[in-house]
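Have a look at the structure below before the remarks.
All chains are named by letter (A, B, ...) in the order of the sequence lines, taking the proteins before the strands, and each is independently numbered beginning at 1.
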2 protein chains.
Amino acid sequence: MAIISKSSEYGLRAALYIAARPVGDYVSIGEMSQKLGISFHFLTKILQKLTQGGLLKSRRGAKGGIALAKPADTISLLDIVENVDGADLFGGCILGLVGCGVKRPCPLHQHWSRERTRIEAMFRKMTLQRLACETARNQLRLAD
Amino acid sequence: MAIISKSSEYGLRAALYIAARPVGDYVSIGEMSQKLGISFHFLTKILQKLTQGGLLKSRRGAKGGIALAKPADTISLLDIVENVDGADLFGGCILGLVGCGVKRPCPLHQHWSRERTRIEAMFRKMTLQRLACETARNQLRLAD
DNA sequence: TCCAATTAAGACAATGATGTCTTATATTAG
DNA sequence: CTAATATAAGACATCATTGTCTTAATTGGA
Ligand code: FES
Ligand code: FES
């Protein structure tokens with residue numbers, strides 16, 4: 001089951017990696033690529049998207065890298081995955097029918113929409129700030 | 001967000017279609033393919049898998065088709081999606097890390113595993129019987 | 001100024017999921 | 001038996017995602 005795409009996974013892990021660093025730090029993509037075990041060029045593309053989306057900011061050249069564009073408590077996981085995977089990530093029918101909730105619902109709509117709402121709420125509620133905190137306190141991992 | 005694969009979507013829709021018919025009826029793949037708007041050959045492959053998995057049974061030749069292999073109240077949606085997508089469908093890390101729950105957890109594990117369990121429980125609890133009932137009573141749809 | 005480090009951008013390849021087609025096999029009806 | 005109907009099996013094609021590579025542009029420091 002892949003709730004989010006690989007691209008989103010990578011984007012989240014990188015964002016959490018940056019959030020764990022001192023505020024304002026520019027982290028190089030090369031370092032993240034190495035520490036997180038993600039292809040450098042692929043990660044670059046994903047972070048470019050997040051930069052263009054206004055969630056991160058970048059600086060080229062020596063001492064350059066990627067930093068958060070806003071305070072970590074104002075960036076939610078939902079912001080990130082929707083920026084990468086598209087804004088209607090949580091809007092589709094679980095059976096793949098077009099227009100979930102618009103036309104007649106499918107047999108699973110009632111049951112699925114409840115779970116879906118909970119998941120979306122979780123993504124919305126979780127900020128980089130909060131997760132970075134928990135990660136440090138509980139020694140959680142961002143790589144295999 | 002695609003919780004399940006297209007193959008699973010098609011398998012579920014076909015199973016629900018069969019469950020809505022009189023018990024023991026063999027429904028031809030051609031009919032389902034047409035009514036559900038699914039490629040005939042693709043649907044055939046999926047139903048073969050479910051047949052080999054013991055959830056459906058098939059009969060070749062004239063008057064042949066696909067039928068449920070067991071009473072509709074003993075086939076859960078989980079049975080179907082796990083048969084199609086693999087048994088560890090609900091076991092993966094949301095960040096794609098290997099060994100969810102085995103090694104140190106990832107920052108989202110605590111939050112995600114709770115939701116994941118709920119979704120799996122929903123799939124386990126929902127039987128073809130129950131959904132076919134609700135579908136008939138509330139005029140729900142299985143196609144676009 | 002010049003060099004090293006670093007992101008930006010886009011072409012291109014590899015992979016896996018999805019979809020199509022052809023041939024073989026089995027069953028029923030006449 | 002024969003013809004019509006239907007699934008079984010597997011080769012093959014298409015597509016979106018993922019991953020790789022090359023070149024250009026920018027920045028800071030020796
Ligand atoms: S119509 Fe299927 S989940 Fe909403
Ligand atoms: S380790 Fe990431 S969800 Fe379990």
Give me the distances for all protein-to-nucleotides 7-9 of chain C N/O pairs that come in under 3.5 Å?
from: C:dT7; atom 1: OP1; to: A:I29; atom 2: N; distance (Å): 2.5
from: C:dT7; atom 1: O3'; to: A:S58; atom 2: OG; distance (Å): 3.4
from: C:dT7; atom 1: O2; to: A:R60; atom 2: NH1; distance (Å): 3.4
from: C:dA8; atom 1: OP1; to: A:S58; atom 2: OG; distance (Å): 2.6
from: C:dA8; atom 1: O4'; to: A:R60; atom 2: NH1; distance (Å): 2.8
from: C:dA9; atom 1: OP2; to: A:Q52; atom 2: NE2; distance (Å): 3.1

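Residues A:K103 and A:L97 form no side-chain contact, since every pair of their non-hydrogen atoms from C-beta on lies 4.5 Å or further apart.
Between B:I18 atom CD1 and D:dT7 atom C1' the separation is 13 Å, expressed in whole Å. Atom NZ in B:K49 sits roughly 14 Å away from atom P in D:dA9 (whole-Å rounding). Across the protein-nucleic acid pair, B:L56 atom CG and D:dA6 atom P stand 18 Å apart, rounded to whole Å. Counting to the nearest Å, the C1' atom of C:dT6 and the NZ atom of A:K57 are 17 Å from each other. The distance from atom CD1 of A:I46 to atom P of C:dG10 is 17 Å, rounded to the nearest whole Å. Whole-Å rounding puts the B:F42 CZ to D:dT7 C1' distance at 17 Å. A:E31 places its CD atom 14 Å from the C1' atom of C:dA5, with the value rounded to the nearest Å. The OH atom of A:Y10 sits 15 Å away from the P atom of D:dT17 (whole-angstrom rounding).
Under 4.0 angstrom from either OP1 or OP2 of C:dT18 there lies no side-chain N or O belonging to B:S39.
Side-chain atoms of B:R104 never come within 3.5 Å of backbone atoms of A:R141 as a donor-acceptor pair (strictly under, hydrogens ignored).
For B:K6, taking side-chain heavy atoms from C-beta onward, the closest of the listed nucleotides D:dT18, C:dG19, C:dT27 is C:dG19. Side-chain proximity of A:K63 to D:dG29, C:dA29, C:dT20: nearest is D:dG29.
Note on ring orientation: taking the six-membered ring where Trp is involved, the planes of B:F90 and B:F123 are tilted (angle from 30° to 60°).
Here the shortest heavy-atom pairing between B:R13 and B:A143 reads NH2-CA, 3.6 Å. Considering all non-hydrogen atoms of both residues, B:P107 and A:L140 come closest at CA-CD1, 3.6 Å. Nearest heavy-atom pair across A:G91 and A:C100 is O-CB, 3.7 Å.
In B:Q34, the CD atom is not crowded: 12 or fewer heavy atoms of neighbouring residues, nucleotides or ligands sit closer than 6.0 Å.
One end of the helix from C:dT1-D:dA30 to C:dG30-D:dC1 points its axis 0° away from the other end's axis, with each axis taken from 5 pairs and the angle rounded to 10°.
A salt bridge links B:R130 with B:E134; the closest basic N to acidic carboxylate O contact falls under 4.0 Å.
If you chain together hydrophobic residues whose side chains sit under 4.5 Å apart, A:Y17 and A:Y26 never meet in one group.
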